[in-house]
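Letters A, B, ... mirror the listed sequences (proteins, then strands); counts begin at 1.
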Protein chains: 2
Amino acid sequence: MTAARTTPAPAGGAELGAPLGLRERKKLKTRLAIRESTYRLIEEQGYDATTIEQIAEGAEVSPSTVFRYFPTKEDIVLTDEYDPLMEQLLRERPAGEPIIESMRHVLRDAVGRIQSGGEAEQRELVLRTRLMVESVPVRARLMESMSMTGRIVCGVIAERTGRGADDFEVRVLAMGMMGALLESIMYWAERGCVDDLLDLVERALDIFESR
Amino acid sequence: MTAARTTPAPAGGAELGAPLGLRERKKLKTRLAIRESTYRLIEEQGYDATTIEQIAEGAEVSPSTVFRYFPTKEDIVLTDEYDPLMEQLLRERPAGEPIIESMRHVLRDAVGRIQSGGEAEQRELVLRTRLMVESVPVRARLMESMSMTGRIVCGVIAERTGRGADDFEVRVLAMGMMGALLESIMYWAERGCVDDLLDLVERALDIFESR
DNA sequence: CCATCTTTTGAGAGTCACTCTCATTTCATG
DNA sequence: CATGAAATGAGAGTGACTCTCAAAAGATGG
């Protein structure tokens, strides 16, 4: 759902064959350490009160290093790797299927994956979503990445319909859907993340579909 | 279209009776001076290269004063007073009319107003829209204000349908529409603002309406 | 016109995210 | 183990934004 766009990414894609040298393993660990330090601090004292310096200290790296791994503070919280996954799942759907139907399946899959994943993953999702309601910059960044997700959806729609990804109708449709989706997440977050997210998302798609 | 939310607002609303003392007139002038200084500098050297200090200098005020009038740099460019106007126009539409139809009329009215307005107003619109494509923070701020506009639309829909403004369906619908609208503006901006904006907006609504 | 009260302003110091540069450390490779 | 490449840390610098405080300027009653 959120765009992955960081400098030292985990070696583009999921090359299984790569044995991953010491260097790469260390990078992964650092990246994780920064994230965890950030999550912990934010839960303790909130987003605004948490400085990069504290995050660096907690992760036992220098502030410079934090910025080498994440371009902005918001990105530490928001960057994830769902977009490529979503794109893949989306492309796997039958080409004839209406896009909304495809999205429904894909989202069901994705949300299900998180919910059945580790507890840590769920806490992360909740924290991130909470931040999105509480912090203006985080929300802004999320919206930005939503619009990137929208471009991906555009790509898929375009492929299926034979139209260009830059086609006006395609873009308007995709972003309309994104708006509806984002709002359903907001709604969920505002109510303390206690409702069934999957249910909300599906309802949002229903609403969008039938008008 | 964009939310007005600044500290020294032009005396809330349009109280015609107020004779406007010297103090108020000065504030208005300062506000305008800051805006104009900003627009000029941005056109000359771009958004990022323009600092608050330069803006202040150009407007012949201190940097502190700039922040007293506008909470952030983005707000200098984006703050406008369309939201209240839109809300008013929207409420003036017949209650039975479908919301999309109402929006169509309101937008037609609003866009028309700008196009038939002064040339300065049009240049402003174009500059702002261009910035939205070029600058990440500006775009973020615009999205934020779009979601505020969405809340207003929610309010109107709620009134008409008798549902709460916090009703899930209402919110999803409103934000979906906003997404579609925003994307049509992006589309316009990306193509150099040469197409007919009104036409695009209406098409966006059509698309949104018929699915 | 003056005294007083309130609002607006400017100046300055301070915080924090983020950028750039450069020397040092650390891993990879033959 | 020597050599080259990549990652790190340290430090200085920029710019948006906040806060505080004293000076300036408009509003007000006499």
Could you check how far [atom1] of [X] sits from [atom2] of [N], rounded to whole Å?
X     : N      : atom1 : atom2 : value
A:E60 : D:dA7  : CD    : C1'   : 17 Å
A:I52 : C:dC16 : CD1   : P     : 11 Å
B:I55 : D:dG15 : CD1   : C1'   : 12 Å
B:F70 : D:dA16 : CZ    : C1'   : 16 Å
B:R25 : D:dG26 : CZ    : C1'   : 11 Å
B:E53 : C:dG10 : CD    : P     : 14 Å
B:E57 : C:dA11 : CD    : P     : 12 Å
A:R31 : D:dT8  : CZ    : C1'   : 17 Å

Exercise for the section: Look at the side chain of B:K27 and decide which nucleotide, out of C:dT9, C:dT8, D:dC17, has an atom nearest to it. Expected result: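 Within the option list, the nearest is C:dT8.
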Tabulated below should be each protein N or O lying under 3.5 Å from an N or O of nucleotides 19-26 of chain C; please produce it.
residue: C:dT26; atom: O2; partner: A:R23; partner atom: NH2; Å: 3.0

- prompt: Would you say a side-chain N or O of A:Y69 is under 4.0 Å from OP1 or OP2 of D:dT8?
  reply: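 Looking at the OP1 and OP2 atoms of D:dT8, one of them is under 4.0 Å from a side-chain N or O of A:Y69.
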Quiz prompt | D:dG15 OP1/OP2 closer than 4.0 Å to side-chain N/O of B:T51 | solution =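 Looking at the OP1 and OP2 atoms of D:dG15, neither is under 4.0 Å from any side-chain N or O of B:T51.
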| request: Would you mind reporting whether A:M148 and A:I152 have side-chain heavy atoms less than 4.5 Å apart? | output: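 A side-chain contact under 4.5 Å is absent here.
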Minimum side-chain heavy-atom gap B:M175-B:R171 below 4.5 Å: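 Side-chain contact under 4.5 Å: no.
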Closest non-hydrogen atom pair between A:G150 and A:A174, with its separation:
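Looks like O-CB, 3.8 Å.
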### Query
Looking at B:Y39, does the NZ or CZ of B:R35 lie under 6.0 angstrom from its six-membered ring centre and within 45 degrees of the ring axis?
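No cation-pi geometry.
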Heavy atom of residues 40-49 of chain B under 4.0 Å from DNA chain C: which residues?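 Those residues whose heavy atoms fall under 4.0 Å from DNA chain C, taken from residues 40-49 of chain B, amount to none.
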Subject >> Most 5' of A:T30 and B:T50 on DNA chain D, judged by nearest nucleotide >> reply: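 Taking each residue's closest nucleotide, the earlier one in sequence belongs to A:T30.
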> Taking atom CG of A:L107 and atom CE of A:M86, what is their separation to the nearest 0.5 Å?
Replying inline: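 Going from CG on A:L107 over to CE on A:M86, the span is 8.0 Å.
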Exercise for the section: Quick one: pull up CD1 in B:I114 and CD in B:E124 and give me the separation to the nearest 0.5 Å. Expected result: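 Here the interatomic distance stands at 9.0 Å.
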Strictly distance-based, threshold 3.5 Å: is any side-chain N or O of [X] a donor or acceptor partner for the main-chain N or O of [Y]?
X     : Y      : answer
A:T79 : A:D75  : yes
B:S37 : B:I55  : yes
A:E74 : A:V138 : no

